[in-house]
Amino acid sequence: MKYAELEKIYHQPFFDLLKQARNIHETYWPEDEVQLCTLLSIKTGGCSEDCSYCSQSARHDSGLQTERLMSCESVMERARAARENGSTRFCMGAAWKGVRSGTKRFDEVLGIVRDVSALGMEVCVTLGELGPDEAVALKDAGVTAYNHNIDTSPDHYPNIVTTHTFQDRLNTIRNVQDAGMSVCCGGIVGLGEDVSDRLKMLEVLSEFNPHPESVPINSLMPMPGTPLADSPPVDVFDVVRLIAVARIAIPKAKVRLSAGRKSLSDEGQALCFFAGANSIFYGDKLLTGGNPSVQRDLALMEKLGLVPQQPDRSLQAPHPDGDRERMPQGCAVLKP
Ligand code: SAM
Ligand code: DTB
Ligand code: SF4
């Protein structure tokens, strides 16, 4: 959808915008369901990139303890717990510029993906830049969706990150699409952008072909020691408006109300759900930052009559158990 149209939609009176978004939401998502996704940082901190919002960049003094790639066994423990908690999507993040085929760490990640995908949840990873070969390898290992955010408008991006370009982000997304994985792509509000940057970001996302399968809308969690540590919060009504426009412009996407929920009131979140958000990160930790407790989320969903999205039974683990011996990596083959 073009910028001019998005702008017109965005600047309607608040309740007209909500009504329009709600109609579309009810057409495409009539079930009152919220997808619960569990996030796990499998490799934390020490990242070479300079994203000015991120606690994991080695270029900022955020005081974060860096951690090496988690073992497959530890990841599996967390993935099983997530499934038991009712999550239908397990998202693993790594603080890397990107991954390269033929490296030990990429083989380790492929092993982890193979094993997690056998649990029957959707598997999402976010590992930074990917080339075409890496994208195909991840798809073959069982990745459902790849998260790679464009974060803001093309114009504002260089004010936020200098170690890679907006075009680099788009190239990775193209490789993900070509490999047949779903694209999870969204952005952050609160990076010093204005409303036009937010709408230009939605313009880019809504012109993806195919549309992204999910669109995370993060509110900046200001991280100590980062250049954006003292950024002011974004008005919740602006977040609601952006979610509503995302729902209208990308109607079939899951719109994920992502980072920053801890700072939102229940009423603010309720408006976000009404406007079209239908997915959240679930569990008290995101990658390095905090998230509402499971109890608080369950209580809110109950009050609003929202139910956890049922697992998609058509999502087959990509390999039968019998094939595991032939896999080059994975907990299964590493066990005696
Ligand atoms: N290194 C990979 C990358 O950049 O794609 C994956 C991890 S990165 C932490 C994933 C996304 O989390 C970022 O693209 C950004 O949208 C979001 N994010 C990171 N730090 C954040 C913060 N402080 N507040 C809100 N969102 C944040
Ligand atoms: C996304 O858009 N948001 C998640 C997920 N994709 C990887 C990450 C949010 C990170 C929030 C800050 C932190 O925990 O460090
Ligand atoms: Fe690294 Fe990703 Fe953080 Fe940027 S957002 S510093 S690429 S972990």
Side-chain angles (χ1 to χ4, degrees), residues 37-60 62-67 69 89-99 109 123-130 145-152 156-157 160-166 168-173 176 183-193 198 201 205 212-231 233-234 239 246 253-264 277 279-292:
C37 311
T38 292
L39 196 51
L40 177 67
S41 180
I42 60 171
K43 186 270 171 185
T44 304
C47 183
S48 63
E49 302 308 280
D50 69 353
C51 311
S52 51
Y53 49 79
C54 187
S55 61
Q56 303 201 67
S57 166
R59 295 164 193 251
H60 317 315
S62 68
L64 184 73
Q65 175 99 37
T66 66
E67 284 164 35
L69 180 61
R89 185 162 175 141
F90 191 66
C91 309
M92 295 172 275
W96 285 321
K97 177 183 176 67
V99 285
V109 170
V123 180
C124 174
V125 288
T126 177
L127 314 168
E129 245 169 61
L130 291 185
Y146 196 82
N147 168 238
H148 202 64
N149 292 339
I150 55 171
D151 282 337
T152 188
H156 193 50
Y157 199 77
I160 301 302
V161 182
T162 69
T163 46
H164 56 259
T165 63
F166 194 84
D168 291 332
R169 301 296 280 185
L170 295 181
N171 295 346
T172 290
I173 290 161
V176 168
V183 168
C184 168
C185 184
I188 313 183
V189 295
L191 303 176
E193 76 287 346
R198 294 176 198 153
M201 174 180 92
L205 294 174
E213 174 263 350
S214 52
V215 176
I217 303 290
N218 296 278
S219 296
L220 177 72
M221 301 176 74
M223 296 294 183
T226 63
L228 295 175
D230 298 320
S231 303
V234 172
V239 178
K254 265 170 266 169
V255 176
R256 187 165 302 121
L257 181 58
S258 300
R261 280 199 304 118
K262 242 185 134 174
S263 311
L264 286 183
S279 173
I280 55 172
F281 289 115
Y282 185 59
D284 55 13
K285 193 155 178 215
L286 294 167
L287 292 174
T288 69
N291 200 40

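We count ligands from 1, going down the list as the structure has it; atoms in each ligand are counted the same way. As the structure is a computational prediction, the values presented were derived from the model and not from experiment.
- Annotation for ligand 1: atoms under 4.0 Å from non-hydrogen atoms of W96 are 1 (N).
- The shortest non-hydrogen separation linking C47 to K97 is SG-N, 4.1 Å.
- Protein heavy atom in closest approach to atom 13 (C) of ligand 1: Y53 OH, 3.7 Å.
- At least one N/O-N/O distance between M221 and ligand 1 falls below 3.5 Å.
- Proximity of atom 2 (Fe) of ligand 3 to the protein is not indicated, since no non-hydrogen protein atom lies closer than 4.0 angstrom.
- Those atoms of ligand 1 with a heavy atom of M223 less than 4.0 angstrom away are 23 (N).
- Counting atoms of ligand 1 from 1 in the listed order, those under 4.0 Å from a heavy atom of L220 are 24 (N), 25 (C).
- With K43, H164, R169 as candidates, the residue nearest to atom 3 (C) of ligand 1 on a non-hydrogen basis is R169.
- The nearest pair of heavy atoms linking T66 to G45 is CG2-C, 3.9 Å.
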* What do the steps show when you test E213 against R89 for salt bridge (Lys or Arg N to Asp or Glu O under 4.0 Å), and what is the final call? -> CA-CA 13 Å; E213 174 263 350; R89 185 162 175 141; 2.9 Å; yes

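- At the shortest separation from atom 27 (C) of ligand 1 among protein heavy atoms lies I188 CD1, 3.8 Å.
- Under the 3.5 Å distance criterion, the side-chain polar atoms of S62 are left unmatched by any main-chain donor or acceptor of H60.
- For the atom pair I188 CD1 and M221 CE, the distance stands at 11.0 Å (nearest 0.5 Å).
- Shortest non-hydrogen contact noted between R198 and G190 is NH2-N, 4.4 Å.
- Distances from atom 4 (Fe) of ligand 3 under 2.8 Å pick out these protein N/O/S atoms: C51 SG.
- Residue contact check for ligand 1: G128 places a non-hydrogen atom closer than 4.0 Å to it.
- At a cut-off of 3.5 Å, with distance as the only test, no side-chain donor of E129 or T172 sits close to an acceptor on the other residue.
- Distances shorter than 4.0 angstrom occur between a heavy atom of A94 and an atom of ligand 1.
- Only side-chain heavy atoms of D151 come within less than 4.0 Å of ligand 1; its backbone N, CA, C and O stay farther off.
- With S52 contributing its side chain and I160 its backbone, the two residues share a donor-acceptor pair below 3.5 Å.
- Proximity to A259 (heavy-atom distance under 4.0 Å) selects the following atoms of ligand 1: 25 (C), 26 (N).
- Y157 and H164 have tilted rings, their planes meeting at an angle from 30° to 60° on a 0 to 90° scale.
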* To do: Take T163 and R59, measure what side chain to side chain contact (heavy atoms under 4.5 Å, CB included) needs, and give me the verdict at the end.
  => CA-CA 11 Å; T163 46; R59 295 164 193 251; 3.5 Å; yes

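- Put simply, the side chain of N149 never gets that close to the backbone of G187: no donor and acceptor are under 3.5 Å apart.
- The minimum heavy-atom distance linking C51 with S57 is given by the pair O-CB, 4.4 Å.
- A distance-only check finds no donor-acceptor pair linking the side chain of N291 to the backbone of L286 [under 3.5 Å].
- Here T126 has heavy atoms under 4.0 Å from ligand 1 in both its backbone and its side chain.
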* Could you walk me through whether Q56 and L287 pass the side chain to side chain contact (heavy atoms under 4.5 Å, CB included) test, one step at a time? => CA-CA 9 Å; Q56 303 201 67; L287 292 174; 4.0 Å; yes

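- Contacts of S258 with ligand 1, taken as heavy-atom pairs under 4.0 Å, are absent altogether.
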* Would you sort out whether V125 and Y146 count as a side chain to side chain contact (heavy atoms under 4.5 Å, CB included), showing the intermediate values? => CA-CA 5 Å; V125 288; Y146 196 82; 3.6 Å; yes

Could you go through ligand 2 and note, for every N or O atom, any protein N or O atom closer than 3.5 angstrom, writing the atom names and distance to 0.1 Å, or 'none'?
residue	atom	partner	partner atom	Å
ligand 2	2 (O)	N149	ND2	2.8
ligand 2	2 (O)	N218	ND2	2.8
ligand 2	3 (N)	N218	OD1	2.9
ligand 2	6 (N)	N147	OD1	3.1
ligand 2	14 (O)	L287	N	2.9
ligand 2	14 (O)	T288	N	2.8
ligand 2	14 (O)	G289	N	2.8
ligand 2	15 (O)	T288	N	3.1
ligand 2	15 (O)	T288	OG1	2.5

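- The closest side-chain donor-acceptor pair between N218 and Y53, if any, does not fall under 3.5 angstrom.
- Of the protein's non-hydrogen atoms, Y53 OH, 3.5 Å is the one closest to atom 5 (S) of ligand 3.
- The distance from the SG atom of C185 to the CG atom of N147 is 7.5 Å, given to the nearest 0.5 Å.
- In terms of protein heavy-atom proximity, atom 9 (C) of ligand 1 is nearest to L287 CD1, 3.4 Å.
- For atom 10 (C) of ligand 1, the closest non-hydrogen atom of the protein is N147 OD1, 4.1 Å.
- Of the protein's heavy atoms, N149 ND2, 3.7 Å lies nearest to atom 11 (C) of ligand 1.
- Within the set S219, C54, G289, the minimum heavy-atom distance to atom 25 (C) of ligand 1 is found for S219.
- With sequence neighbours left out, the salt bridge (Lys or Arg N to Asp or Glu O under 4.0 Å) criterion links K262 to no other residue.
- Remark: R261 pairs with D297 by the salt bridge (Lys or Arg N to Asp or Glu O under 4.0 Å) rule, at least two apart or across chains.
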